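Reading through the structure tokens given below for one structure.
In what follows, chains are A, B, ... by sequence order, proteins preceding strands, each numbered from 1. Keep in mind that this is a model prediction, so the values were computed, not measured.
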Amino acid sequence: MSTKGKVLVAMSGGIDSTVTALMLHKEGYEVVGITMKTWDYATAGGGKKETGCCNLDSFNDARAAAVEHGFPHFILDIREEFGDFVINNFVDEYIAGRTPNPCVMCNTHIKWSALLKRADALGCDYIATGHYGMIEEENGRFFIRKGVDETKDQSYVLWGLPQSVLSRTLLPLGGYRKTEIRQMAHDMGYPELAKKSESYEICFVPDNDYRGFLKRHVPDLEARVDGGNFTLADGTIVGKHKGYPFYTIGQRKGLDIALGKPMYVTQILPETNTVVLGEEEELQQQQMLVGGVNMVKFDMVSDGMEALVKIRYKDRGTPARLYNEAGKIRVTFYEPVKGIAPGQSAVFYDGDDVIGGGFIHKTGQLQA
RNA sequence: AGUUCCAUUGUGUAAAGGUAGCACAACUGAUUUUGGUUCAGUUAGUCUAGGUUCGAAUCCUGGUGGAACUA
């Protein structure tokens, strides 16, 4: 019956993953659904989220779809690994004065390995998710290509996946546009899914208040860091802030300081609990150093290689050249880029293909 | 305890007798599988008590508060 193979599909209960499962089922794959429990919503409060990469709220929907179409569905409790890794890393990074991207950490270190482990146990050939991206193979390497729908492309959050995982991953939505997926959900008999709004927010911060989450998670943090100085680049003190972990590079809103011009956070200095503010031009950087690199399309960066580099999720990318530098990659942009935040992911593209990616280590003029 | 100057939304500033406006901040919404950005919209002010005037932020008097100068 499974002419195409057996596939474990990560189902959140949202529109994208549900359509993914049904699409593969229709195509003749033997589908097994799985919903990962990453975080305990009962204790976290909130819960009006709809589709998402990792929420449990609509896990009943996932199960219902599986039952209706006659394939099995499991729940996988990965709260422990998720908490130990993703949440601790998230907190540690902010305390280090950096800006983490927990979705990337989860995809790279938790979600796919948990899926793969389960896939092996269940005898599945593949794993699949509802990400908007495509997996291609060339010269013996598997890589991710941007989804056809540029506005929904999620290749950015998948840069960390190793070859061993990519070779067994299916991303069936990558060739479609979101509007087509909505139509499919509708046609497949899930009109209410088709209407669900997009998810946002970090899955373990349902109220969208990461500052509050940090305070609750590290009880003495607030008292320890409250009342540091806002300064300008030249060191002039212009005000008091609520503690360096509660700010991020490029931030404009919430500074509660009126200087007549829009001011942005340009530097975070944990050692002195100082947050440096500057005008828009001061956010511009033309170089950065990227560490923790995972190569995807190619097995290495050749010095001077040209690439389109994204420094945040919704970023059209900026042309740059890449150079190897002591185990890291130095990126030199062709033009200044605004608000590069250490801790965020940098993803290198060759056209629509992900060459590789890493974490932004530092920015600014670097010694060559 | 003398003289002078000043007082306008949360902050900084416009309005030289005729609709109190701008920037920043704040709030709300749109956008977004991270943070952030961006966009749209909203709120909110003439220190106080009198006077002149058809009409006062604006002119006059007292008060209050701040700044500069005076021995």
Length of the [atom1]-[atom2] vector between [X] and [N], whole Å:
X       : N       : atom1 : atom2 : result
R312(A) : rU34(B) : CZ    : C1'   : 11 Å
R252(A) : rA23(B) : CZ    : C1'   : 10 Å
Q251(A) : rG35(B) : CD    : P     : 12 Å
D256(A) : rA26(B) : CG    : P     : 5 Å
K310(A) : rU32(B) : NZ    : P     : 14 Å
E279(A) : rU37(B) : CD    : C1'   : 17 Å
F204(A) : rG35(B) : CZ    : C1'   : 11 Å
K253(A) : rA40(B) : NZ    : P     : 12 Å

Which of the following nucleotides, [options], is nearest to the side chain of [X]?
X       : options                   : result
A341(A) : rU34(B), rA25(B), rG35(B) : rG35(B)
K314(A) : rC24(B), rG35(B), rU32(B) : rU32(B)
C103(A) : rC24(B), rU34(B), rA26(B) : rU34(B)
Y313(A) : rU32(B), rU11(B), rC27(B) : rU32(B)
A258(A) : rA25(B), rG35(B), rU34(B) : rA25(B)

Under a 3.5 Å cut-off for both contacts, is [N] paired Watson-Crick or G-U wobble with anything, and if yes, with which nucleotide?
N       : value
rG21(B) : rU13(B)
rU42(B) : rA26(B)
rC47(B) : rG63(B)
rG35(B) : none
rG55(B) : none

Have a look at [X] and say if it touches a base, only the backbone sugar-phosphate, or nothing, with a 4.0 Å heavy-atom cut-off.
X       : answer
G254(A) : sugar-phosphate
Y264(A) : sugar-phosphate
I249(A) : base
P262(A) : sugar-phosphate

When the [atom1] atoms of [N] and [M] are considered, how many whole Å apart are they?
N       : M       : atom1 : value
rU8(B)  : rA71(B) : P     : 31 Å
rA15(B) : rA7(B)  : C1'   : 16 Å
rA49(B) : rU9(B)  : P     : 16 Å
rG55(B) : rU64(B) : P     : 29 Å
rU34(B) : rU46(B) : C1'   : 46 Å
rA23(B) : rG41(B) : P     : 11 Å
rC60(B) : rC22(B) : C1'   : 31 Å
rA44(B) : rG10(B) : C1'   : 9 Å

Exercise. Counting just side-chain N and O atoms, does N208(A) come under 4.0 Å of either OP1 or OP2 of rG35(B)?
Worked result: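 Yes, because at least one side-chain N or O of N208(A) sits under 4.0 Å from OP1 or OP2 of rG35(B).
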Exercise. Hey, are D16(A) and K178(A) close enough for a salt bridge, meaning a charged N less than 4.0 Å from a carboxylate O?
Worked result: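 Looking at K178(A) together with D16(A), the answer is yes, because their closest N to O distance falls below 4.0 Å.
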Problem set entry | D353(A) and R145(A) ion-paired at < 4.0 Å |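 Counted as a salt bridge, because a side-chain N and a carboxylate O are separated by less than 4.0 Å.
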For this session: Please work out which of the three classes, parallel, tilted or perpendicular, describes the rings of F90(A) and F213(A), given edges at 30° and 60°.
Result: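 Correct class here is perpendicular.
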For this session: Classify the angle between the aromatic ring planes of H109(A) and F85(A) as parallel (below 30°), tilted (30 to 60°) or perpendicular (above 60°).
Result: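 Geometry flag for F85(A) against H109(A): tilted rings.
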Exercise. Taking atom types as modelled and ignoring hydrogens, do the side chains of T99(A) and T248(A) form a donor-acceptor contact shorter than 3.5 angstrom?
Worked result: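 Looking only at side-chain atoms, T248(A) and T99(A) do form a donor-acceptor pair, the distance falling under 3.5 Å.
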For this session: Could you pick out which residue, L255(A) or I340(A), lies toward the 5' side of RNA chain B when each is mapped onto its nearest nucleotide?
Result: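 Result: L255(A).
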Exercise. If you pin K338(A) and G260(A) to their nearest nucleotides in RNA chain B, which one's is more 5'?
Worked result: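 Nearer the 5' end of the strand: G260(A).
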For this session: Determine the sole option in C103(A), P102(A), P100(A) for which the side-chain contact (heavy atoms from CB on, under 4.5 Å) test with V86(A) is passed.
Result: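 So, applying the side-chain contact (heavy atoms from CB on, under 4.5 Å) to V86(A) and each of C103(A), P102(A), P100(A), only P102(A) qualifies.
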For this session: Kindly indicate whether a cation-pi arrangement holds for R321(A) with Y334(A), taking the cut-offs as under 6.0 Å to the six-membered ring centre and within 45° of the axis.
Result: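 Negative - R321(A) is either too far from the ring of Y334(A) or too far off its axis.
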